[in-house]
Protein chains: 2
Amino acid sequence: MFTKVLVAEDYEIANQGIVKVLNDAVGIYNIHEAQYCDDAYLKFRKAHQSEEPFELLITDLSFKENHKVQTRTSGIELIQDIRKIQPDINIIVYSQESRPDKINMLFQKLNINGYVCKGQHAIKELVHCIQGVYKGNIVLPPEVKDANQDNIINLDDFDIMLLEELALGFTKKEIVQKLKKQKISPNSESTIDKRVSKLFDDFKAKNTTHLVAIVKDLGLL
Amino acid sequence: MFTKVLVAEDYEIANQGIVKVLNDAVGIYNIHEAQYCDDAYLKFRKAHQSEEPFELLITDLSFKENHKVQTRTSGIELIQDIRKIQPDINIIVYSQESRPDKINMLFQKLNINGYVCKGQHAIKELVHCIQGVYKGNIVLPPEVKDANQDNIINLDDFDIMLLEELALGFTKKEIVQKLKKQKISPNSESTIDKRVSKLFDDFKAKNTTHLVAIVKDLGLL
DNA sequence: CCTCCGATTACGGAAATCTGTAAGGAGTTC
DNA sequence: GAACTCCTTACAGATTTCCGTAATCGGAGG
């Protein structure tokens, strides 16, 4: 089993809970805690430099800002920064988020090893997830396993960019200008139209406003 | 101090944590727990019928659905249902939500007595909140106290309805038709235009899509 | 009674959206 | 090379949005 683990979680009650689970149910005792992203990063780097690296990171996604100045505010940035130092580190994200699309994104973009959803069965799922990751598996939460199947809509970066620009209130003409300025193709208004129309079909949206509302609800933006 | 308290929280680790805080830091020992909304409601009703009512409800807002059929899925419904039985019950909401607008809505629409934000200082805030509510105060979380001031935008029910319809992709013409069918006034396209334009100003939105995106981000929809 | 003020309503016009059709290019397959 | 598909681009027209101006109505206050 993993011997050295870092738990990054700002919510102090949960933090205590996780440590207890690791002790009692998994049998890990060398556990370091961090309540702030920056703190987690520093602890991680120090351990890596002194050649006593962590084997597993368990982290939340959202860290509330407080009086202290934090350079990293979200767990996503923390993961990216830590992966730069130690690419093969095992990472389990442990968060409130339960929207399948958003969780899927974590696996795709950040290559996390496991995800546990804070909730009723968090203890059982956490134990199961750690054991699975230790065996080298990718452990999806039941929320994603159930929901997946065929309703996954594959959005490429261009689609995401379009959605973001539209959500920021830019007109298609403005988006076209931006694209041309940045020399990104495609960049004709007609193609943008076509792309957005395809998104209408995908998400069964009636118009741009509806589309952005749907995508916001799904947590993709 | 309160003697009989109900804690409704589906997240088992947090549930345990709250009970511990109530025991150690506040000195409340007659604590009942519920992991499901329906369960909380039943316990509450039973206590009220047997004339040993709860004096305080501490509840989360979001309850994950699971295999069990739940008639109440959100803490908001739970609060509304419990208030019907015992209007003067003290209620503290204890949730992830940190957006000032959404928290304000809880105080305005549900008349809750206190709010505690899950986070770094949850323990201290929870203790402070319980003590304040016991004295008869309305206890706002620091997030709201800081943020408030003048940036509160007052939306009436008509505005909210407009925003919801727009987010569902209805055109203004369609909304007008609905209003006329339901004999709700105002119901002219021109007034709808004016109202939405005012919302543009309030939220500094460039167009309808931008407006809906902003409002979704604020958590008002 | 009169005036002021805010909300509602009507109307018009420039701009943007949405939805077609059609044409050109790049890559694949036969 | 011909046939095919997929993506990009152009264009056009109906609808909708957005933002003016202006008329009307009702309540508040002098």
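Naming: A, B, ... by sequence-line order, numbering from 1 per chain.
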Worksheet, complete the sentence: Its 5'-most and 3'-most nucleotides having an atom under 4.0 Å from a non-hydrogen atom of chain A, DNA chain C is contacted over C/dA16 to C/dT21

Fill in: Spacing of B/F170 atom CZ relative to D/dT16 atom C1', expressed in whole Å
16 Å

Practice prompt. With A/K178 as the cation and A/F170 as the aromatic partner, state whether NZ or CZ is under 6.0 Å from the six-membered ring centre and within 45° of the axis.
Written response: yes

Worksheet, complete the sentence: note: A/K206, atom NZ; D/dT15, atom C1'; distance rounded to Å ~ 16 Å

Worksheet item: Contacts to DNA chain C from residues 176-197 of chain A, heavy-atom cutoff under 4.0 Å, which residues?
Response: A/D193, A/K194

Worksheet entry | CZ (A/F203) with more than 12 external heavy atoms under 6.0 Å | yes

Item to complete: Compute the angle between the rotation axes at the two ends of the helix from C/dC1-D/dG30 to C/dC30-D/dG1, each taken over five pairs, rounded to 10 degrees.
Response: 20°

Worksheet item: Do the charged groups of A/K118 and A/D60 touch, with an N to O distance under 4.0 Å?
Response: yes

Worksheet item: Tell me: NZ of A/K198 to P of D/dC7, nearest whole Å?
Response: 8 Å

Worksheet entry | Closest contact, heavy atoms only, B/L179 versus B/P186 | CD1-O, 3.5 Å

Discussion item. Could you tell me if A/T208 and B/T209 have a donor-acceptor pair between their side chains, going purely by distance under 3.5 Å?
Written reply: no

Practice prompt. Would you confirm whether A/Y134, through its side chain, and A/M1, through its main-chain N or O, come within 3.5 Å as a donor-acceptor pair?
Written response: yes

Practice prompt. Supply the atom-to-atom distance B/L56 CG to B/F54 CZ, rounded to the nearest 0.5 angstrom.
Written response: 10.0 Å

Practice prompt. Let me know the distance between CG of A/L166 and P of D/dT17, rounded to the nearest Å.
Written response: 16 Å

Fill in: Rounded distance [0.5 Å steps], CD1 in A/I89 versus CD in A/E55
8.0 Å

Worksheet item: Taking CD1 from A/I175 and C1' from D/dT8, how many angstroms apart are they, rounded to a whole number?
Response: 17 Å

Practice prompt. Check the surroundings of atom NZ in B/K206: do more than 12 heavy atoms from other residues, nucleotides or ligands lie under 6.0 Å from it?
Written response: yes

Fill in: Least distance between heavy atoms, B/A40 atom then B/L6 atom
O-CD2, 3.6 Å

Worksheet item: Do B/F63 and B/Y36 have ring centroids that are under 6.0 Å from one another?
Response: no

